[in-house]
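Note sheet for the following structure.
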Amino acid sequence: MAQAGPLLSALAALLAATAAGGDAPPGKIAVVGAGIGGSAVAHFLQQHFGPRVQIDVYEKGTVGGRLATISVNKQHYESGAASFHSLSLHMQDFVKLLGLRHRREVVGRSAIFGGEHFVLEETDWYLLNLLRLWWRYGISFLRLQMWVEEVMEKFMRIYKYQAHGYAFSGVEELLYSLGESAFVNMTQRSVAESLLQVGVTQRFIDDVVSAVLRASYGQSAAMPAFAGAMALAGAQGSLWSVEGGNKLVCSGLLKLTKANVIHATVTSVTLHSTEGRALYQVGYENEMGSGSDFYDIVVIATPLHLDSSSSNFTFEGFNPPIADVQGSFQPTVVSLVHGYLNSSYFGFPDPKLFPFANILTTDFPNFFCTLDNICPVNISASFRRKQPQEAAVWRVQSPKPLFRTQLKTLFRSYYSVQTAEWQAHPLYGSRTTLPRFTLHDQLFYLNALEWAASSVEAMAVAAKNVALLAYNRWYRDLDKIDQRDLMHKVKTEL
Ligand SMILES: Cc1cc2nc3c(=O)[nH]c(=O)nc-3n(C[C@H](O)[C@H](O)[C@H](O)COP(=O)(O)OP(=O)(O)OC[C@H]3O[C@@H](n4cnc5c(N)ncnc54)[C@H](O)[C@@H]3O)c2cc1C
Ligand SMILES: *[C@@H]1O[C@H](CO)[C@@H](O)[C@H](O)[C@H]1NC(C)=O
Ligand SMILES: *[C@@H]1O[C@H](CO)[C@@H](O)[C@H](O)[C@H]1NC(C)=O
Ligand SMILES: *[C@@H]1O[C@H](CO)[C@@H](O)[C@H](O)[C@H]1NC(C)=O
Ligand SMILES: *[C@@H]1O[C@H](CO)[C@@H](O)[C@H](O)[C@H]1NC(C)=O
């Protein structure tokens, strides 16, 4: 890690690069965080800069970040992000590249619980099933679907732009290139406002839309329309997850990249002014004490926000200073309960007759957002979902830890409860401006995109964007950054 005279050796590399006409690849790159964002950016950086560049990935916790598992009764279960939309193209690529498999889907019915009764019951896997919804909400459902499809169709343009090597230095530029000012505005307007405008009824928003948003983000229909549309797309498509656990994608990408994973907490990034290119000193701490190392490129792949103790960085030597990143995050508690559901709570005195595996909830007055009868991360061919009258593993998602009395309400009895407390998603509305990916010449902030949409695939998209941004800036290919009218450009480019 820290060698003698890293500054000198870095300077020597820099001089060599300058002598070579500035075209030498970077020597060393630091990535802070080994979640999906950090793992994917390490992979994409290597893809662009070649196998010779050394990539150090700093991780203070465990590889995977918000992709994590907990062991219950000798099996592992997802305790963070559970599933992805089928159109998550980068994630689909990673799974193929790493020789991983999709987990077998075990069918279960969904329903939305309104506190006293179910407001919507499902006959099959898809929550937003056309026929079931038609009689109750009429045209609202179709209007919602058209709205979501239009957003998704435009969002999918990003893959084409990225395949052509285009990158964006801010979230606003990225959104503008996909859907012009309407997309940028969707980060300011609420889901409810946007849906009412296209003719979706308030009742449909209260019953269905808000339940999906609670399940995805723990937030209400007052959250911004762009992030909301992404979550609603997830409720309509088929979902998938990774056999063996979603976090295998992170460890797999890091192994494939041969990244040097350093278990330490990064505490500072300091700019050393040099002639020509910037050089960054990354300071870190672990049980062995503190240390630092020098890098040509630094990617921060974890949320930077004030009220969190999780990313306690300082930026030193930057002029103008790097502004504190505003905003806070939405806490979410995942409780994995091994026990017997109290189906009476849901109006089913006989547990054998309880038909649902996934329960969403409307805004009020529920103390939990979702309750799912979940399957382990390894699903054998003979596996079947536990029946509601059997002891099963239930995953409860709630904004706060559950009180014992609340557990006793939801479950007749239980063997164990294990919890994971997350800073899950940005608390939308807690910041007013969209952050930038570029903090300095070769210092990048991957999680900026979370402020438009926070999902595993969004972070993979951000990782590709940051890798392209670093590459295009390194080789001063400025025509590939922040271009407008890309739809036209990629059509005429071969
Ligand atoms: C309960 C829950 C359910 C979710 N469900 C879904 C879902 O179904 N589908 C979906 O797409 N998304 C879901 N998400 C969101 C998704 O998990 C995140 O958007 C995504 O995993 C974020 O990845 P990341 O790599 O950007 O950040 P993280 O996974 O948070 O990774 C950041 C890493 O950086 C490390 N780190 C932080 N500070 C430092 C430091 N100073 N030094 C060194 N290391 C540091 C952290 O330990 C962490 O490992 C869910 C999230 C939660 C919490
Ligand atoms: C976006 O908002 C701006 C300012 O509020 C407005 O001028 C513009 O017309 C809006 N664009 C769209 C497409 O709604
Ligand atoms: C679970 O699945 C992963 C990925 O396919 C595999 O590597 C692992 O051995 C499996 N574990 C068990 C206990 O079957
Ligand atoms: C974060 O940094 C501040 C100021 O340097 C310090 O007082 C605090 O203890 C740090 N917190 C953590 C969790 O490291
Ligand atoms: C189950 O739910 C019912 C109805 O809400 C409640 O009366 C009862 O106390 C709960 N707990 C148990 C253990 O049955």
Side-chain angles (χ1 to χ4, degrees), residues 30-41 57-69 74-76 78-85 88 91 98-103 179-189 194 197 215-218 230-231 234 239-250 252 261-269 282-286 300-304 308-313 329-334 369-370 376-380 395 397-398 420-426 446-450 453-460 462-463:
V31 175
V32 182
I36 187 63
S39 312
V41 81
V57 179
Y58 290 90
E59 173 53 59
K60 67 173 191 141
T62 43
V63 168
R66 278 173 270 171
L67 300 182
T69 56
K74 297 194 196 93
Q75 299 257 37
H76 296 276
E78 299 288 354
S79 59
S83 55
F84 323 112
H85 192 273
S88 300
M91 280 298 284
L98 297 171
L100 295 168
R101 283 177 298 126
H102 288 197
R103 202 177 301 165
E180 305 196 326
S181 62
F183 256 33
V184 178
N185 289 6
M186 282 180 76
T187 63
Q188 312 294 335
R189 305 177 65 199
S194 301
Q197 197 185 31
S216 316
Y217 287 114
M230 294 287 154
L239 297 176
W240 61 280
S241 40
V242 180
E243 170 70 9
N246 295 330
K247 67 180 183 185
L248 293 181
V249 174
C250 301
V261 178
I262 299 169
H263 288 281
T265 305
V266 171
T267 51
S268 64
V269 178
V282 169
Y284 57 85
E285 283 171 7
N286 57 16
I300 294 162
T302 184
L304 283 174
S308 156
S309 56
S310 65
S311 328
N312 209 7
F313 284 75
F329 263 52
Q330 169 73 42
T332 295
V333 181
V334 171
C369 297
T370 57
V377 296
N378 283 74
I379 299 187
S380 65
R395 171 172 153 143
Q397 227 165 283
S398 54
E421 296 190 24
W422 300 104
Q423 295 285 321
H425 301 282
L446 193 149
N447 291 66
L449 193 58
E450 279 199 270
S454 157
S455 71
V456 169
E457 180 65 12
M459 293 304 100

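Model, not experiment: these values are computed from the prediction. Counting starts at 1 for both ligands and their atoms, following the listed order. The residues of the chain are indexed from 1 along the displayed sequence.
Of all atoms in ligand 2, listed by their number and element, those nearer than 4.0 Å to a heavy atom of Ala182 are 13 (C). Using a 4.0 Å cut-off to heavy atoms of Ser181, the atoms of ligand 2 that qualify are 11 (N), 12 (C), 13 (C).
With a 4.0 Å cut-off on non-hydrogen atoms, Glu59 touches ligand 1 through its backbone as well as its side chain. If you look at Ser216 next to ligand 1, there are no close heavy atoms at all, none under 4.0 Å. Heavy atoms of Asn447 found under 4.0 angstrom from ligand 1 belong exclusively to the side chain. With a 4.0 Å cut-off on non-hydrogen atoms, Ala458 does not touch ligand 1 at all.
For atom 10 (C) of ligand 2, the closest non-hydrogen atom of the protein is Asn185 ND2, 2.4 Å. Annotation: atom 11 (N) of ligand 3 to nearest protein heavy atom, Asn378 ND2, 2.8 Å.
Judged by the shortest distance from any of its heavy atoms, His85 lies outside the 4.0 Å radius around the atoms of ligand 1. The shortest heavy-atom distance from Gly234 to ligand 1 is not under 4.0 Å.
Residue nearest to atom 1 (C) of ligand 1, selected from Val41, Val334, Val266: Val334 (by heavy-atom distance). Taking only non-hydrogen atoms, the option from Ala40, Gly35, Ala453 nearest to atom 31 (O) of ligand 1 is Gly35.
For atom 2 (O) of ligand 2, a protein heavy-atom neighbour is found at a distance under 4.0 Å. For atom 5 (O) of ligand 2, no protein heavy-atom neighbour is found at a distance under 4.0 Å.
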